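Reading through the structure tokens given below for one structure.
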Amino acid sequence: MEILEQLYEGKAKKVYRTSDPKLYMVYYKDDATAFNGSKKGSIQDKGYYNNQISAIFFKLLTEKGIPNHFVELTGERSMLVKTLEIIPVEVVVRNIVAGSLAKRIGKPEGTQLAVPVLEFYYKDDALGDPMINEYHVKALGLATEEEMKTISQMALRVNEILVEHLTPLNIQLVDFKLEFGRHEGEILLGDEISPDTCRFWDTATQEKLDKDRFRRDLGKVEEAYQEVLQRLTGGK
Ligand code: 5GP
């Protein structure tokens with residue numbers, strides 16, 4: 001299989017066409033952005049950490065029966081994935097109040113939520129990814145009601161699987177963002193699952209082990225990404 005031309009360059013990843021029409025190659029960059037691209041920087045070896053961390057989570061989810069785009073790692077910073085027609089809806093699951101929810105409902109970060117909260121955002125940089133609900137999704141023709149039912153069930157199941165996996169590693173899964181797409185008539189989980197797209201807090205110290213260290217200039221950004229990978233691999 002051959003890697004052909006670059007199809008797309010996003011803020012954190014590049015996507016390449018391959019000689020297999022059903023597969024793309026994703027390359028993870030070290031570039032970091034926040035606040036809809038207004039804060040820019042670079043996190044040393046982030047591409048490596050996010051590629052490896054995402055691969056571990058996608059393999060776990062495959063084992064647990066969650067269909068996703070991951071095929072195999074192809075290098076330190078790259079993976080082979082199934083082609084997806086991306087649904088422009090960002091799906092956020094929250095277990096603990098943080099970030100935009102803390103602002104929206106006026107509760108302190110760290111407040112435990114009684115049940116996981118599912119949210120949808122319209123994936124549109126020009127609009128700043130506004131929050132939407134299932135009626136907007138249907139009315140705008142972004143996805144069908146049946147697709148949204150599948151996506152919602154998958155997102156909540158991903159939350160259960162990740163929490164179960166991370167709890168013994170002393171990582172609290174505060175919240176995370178998922179993206180889904182269509183591949184040969186099936187809904188697959190796509191994008192990445194990494195400290196760029198999840199909030200991870202150390203259970204004992206509440207120390208942030210994710211991109212909030214970059215967003216909020218907390219320092220030790222690379223170290224946080226490295227720590228997450230190290231806990232996932234048991235230092236192997
Ligand atoms: P919040 O709405 O609090 O800013 O984000 C909730 C969760 O979703 C966080 O874990 C955050 O990292 C993730 N998230 C939401 N929107 C985006 C986005 O556009 N890009 C990335 N990388 N993560 C996002």
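All residue numbers refer to positions in the sequence shown, counting from 1. Being a predicted model, the structure only gives us computed values, none of them experimental. For ligands, and for the atoms within them, numbers begin at 1 and follow the listed sequence.
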Between Y48 and D30, a side-chain donor and acceptor under 3.5 Å: no
Side chains of N159 and N95, donor plus acceptor under 3.5 Å: yes
Suppose I only count heavy atoms of [X] and a 4.0 Å limit; which atoms of ligand 1 are within that range?
X    : result
G99  : 3 (O)
D129 : 19 (O)
T197 : 10 (O), 12 (O), 13 (C), 22 (N), 23 (N)
D196 : 12 (O), 21 (C), 22 (N), 23 (N)

Considering only protein heavy atoms, which is closest to [atom], and at what distance to one decimal place?
atom                    : result
atom 16 (N) of ligand 1 : E90 OE1, 3.5 Å
atom 9 (C) of ligand 1  : D175 OD1, 3.1 Å
atom 14 (N) of ligand 1 : K177 CB, 3.5 Å
atom 6 (C) of ligand 1  : R199 NH1, 3.6 Å
atom 2 (O) of ligand 1  : S100 OG, 2.6 Å

Whether E119 lies under 4.0 Å from ligand 1, heavy atom: no
What part of [X], side chain from CB on, backbone N/CA/C/O, both or neither, has a heavy atom under 4.0 Å from ligand 1?
X    : answer
N36  : neither
R215 : side chain
A12  : neither

Taking the basic N atoms (NZ, or NE/NH1/NH2) and the acidic carboxylate oxygens, is any pair closer than 4.0 Å for [X] and [Y]?
X    : Y    : result
E119 : R104 : yes
E109 : R216 : yes
K14  : D31  : no
R182 : E186 : no
K46  : D196 : yes

T83: partners by side-chain contact (heavy atoms from CB on, under 4.5 Å), with sequence neighbours left out: Y24, H183
H69/F58 aromatic ring centres below 6.0 Å: yes
